[in-house]
Amino acid sequence: MSKLAVGLMSGTSIDGIDAALVRINGAGLETEVELLHFITMPFSKKDKEAIFQCIDPDRSNVSLVCQLNFRLGYLLAKAVKEVCKQAHLPLEKLDFIASHGQTVYHLPHGGDIYERSTLQIGEPAVIAYETGVSVIANFRSMDMAAGGEGAPLVPYTDYLLYRSDEKGVALQNIGGIGNVTAIPKRGKLDDLLAFDTGPGNMVIDEVCQIIKGQPFDDGGKWAALGQVQHSLVDTWMEMDFFTKQPPKSTGRERFGRSFAEKIIQDHQQLEANDVIATVTYFTAKSIADAYERFIFPKFPIDEMIVGGGGSLNKTLLQFLQRLLPGVVIRTQEDLGFSSEAKEAIAFAILGNETIHHHPANVPKATGASKPVVLGSITWG
């Protein structure tokens, strides 16, 4: 049965809310999805600063988290209304909304003091009340309850949509964080490999904001003018995250603003474009290194399909192609799809699996003890 849904995503880049209006036919391996309309609703300067303050342990507080949870709920509801308005679709025609929310903290391993946990905010009750539509949210919690890291979750949808009998395919997302889903030729769901590769745009964007006063390197133009400091990249690649075997996930706690600030503070002698070129190469190197360490020893990859904002950075893609000469690198746009909409679409598909009571995590990717049904439902 065909369903109309909106998938909502606010990622680690914290640039805005992605809203994808889709039509979904079937479920599980029979899933077919059509993107009807897509928007990104940028965060205001005030809201963006509130989110950055909320995720900073030194500046956050309970009252800020509490009020921002509801504030983001209203913003997410507004994004749903806007994408439907632009598509001339009445809200009452929607079957459900699937909201990832905004991750404010992610502790996949915990420790002596902290419990393993993750927190995404953007109150689903507010979204459901404002739209009158049922909302599926909190997708990561059940996987963590089952012993997983709560990430990555997109591999399940990657397998449904991109598996191939002719070639090995890697879906490389380059959002704030980079993550990969690698699917062998004629592979089954249990055969895929999926994990976070490290920084995506996060370090690049932070460096651009600090030294250029701009939120990102448009098209990679500044990186193209700089000289890569390979010795610095080699030093950063010695971080334990890169040698750790999958499953693994990371986030702003490791590669956020403090990481970028330290780079700039420790290397003030470098030209601005050299710093941007170096951190751009760092992202490419971390991705290529992940493939060489963890994927290629298991099975070959013929094609990499890049999604996320990083697909728009031409210099980053050139670095990737230079580092992985044996892999054909394409973007979602090369296939007629949308890089920016990919993750919002993925959560709409995950919401559809929730409604059908289908497990949608990949234990091999997240480390969970077993497959589980993801998400909590707030009825509209």
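Quick caveat, the model's predicted, so the values are computed rather than measured. Every heavy atom of this structure was used, including side-chain atoms; hydrogens, water molecules and symmetry mates were not.
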Might you point out which heavy atoms bring [X] and [Y] nearest each other, and give the distance in Å?
| X | Y | value |
| --- | --- | --- |
| V33 | I345 | CG2-CG2, 4.0 Å |
| I55 | T103 | CG2-O, 4.0 Å |
| C54 | V104 | SG-CG1, 3.8 Å |
| I136 | G351 | CD1-O, 3.3 Å |
| T366 | P152 | CG2-O, 3.3 Å |
| D217 | I276 | OD2-CG2, 3.5 Å |

State yes or no: are the ring centers of H230 and Y281 separated by less than 6.0 Å?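 Yes, they do, as the ring centres are separated by less than 6.0 Å.
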
May I ask you to decide if the ring planes of H356 and H358 are parallel, tilted or perpendicular, using 30° and 60° as cut-offs?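 Plane angle between 30° and 60°, so tilted.
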
Are I174 and S311 side-chain neighbours, meaning at least one heavy-atom pair lies under 4.5 Å? no

Check whether any side-chain heavy atom of H100 sits under 4.5 Å from a side-chain heavy atom of S10, and report yes or no.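 H100 vs S10: side chains apart.
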
Distance under 6.0 Å and angle within 45° of ring axis: K248 vs F241: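 Yes; both conditions hold, so K248 lies above the ring face of F241.
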
Ring-face cation contact, Y159 with R163, 6.0 Å cut, 45° max: yes

Under a 3.5 Å cutoff, is there a donor and acceptor pairing between the side chains of D274 and Q227?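 Short answer, no.
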
Decide whether D47 and S44 meet the rule of one side-chain donor and one side-chain acceptor closer than 3.5 Å. yes

What do the steps show when you test V80 against V133 for side-chain contact (heavy atoms from CB on, under 4.5 Å), and what is the final call? CA-CA 10 Å; V80 174; V133 180; over 6 Å; no

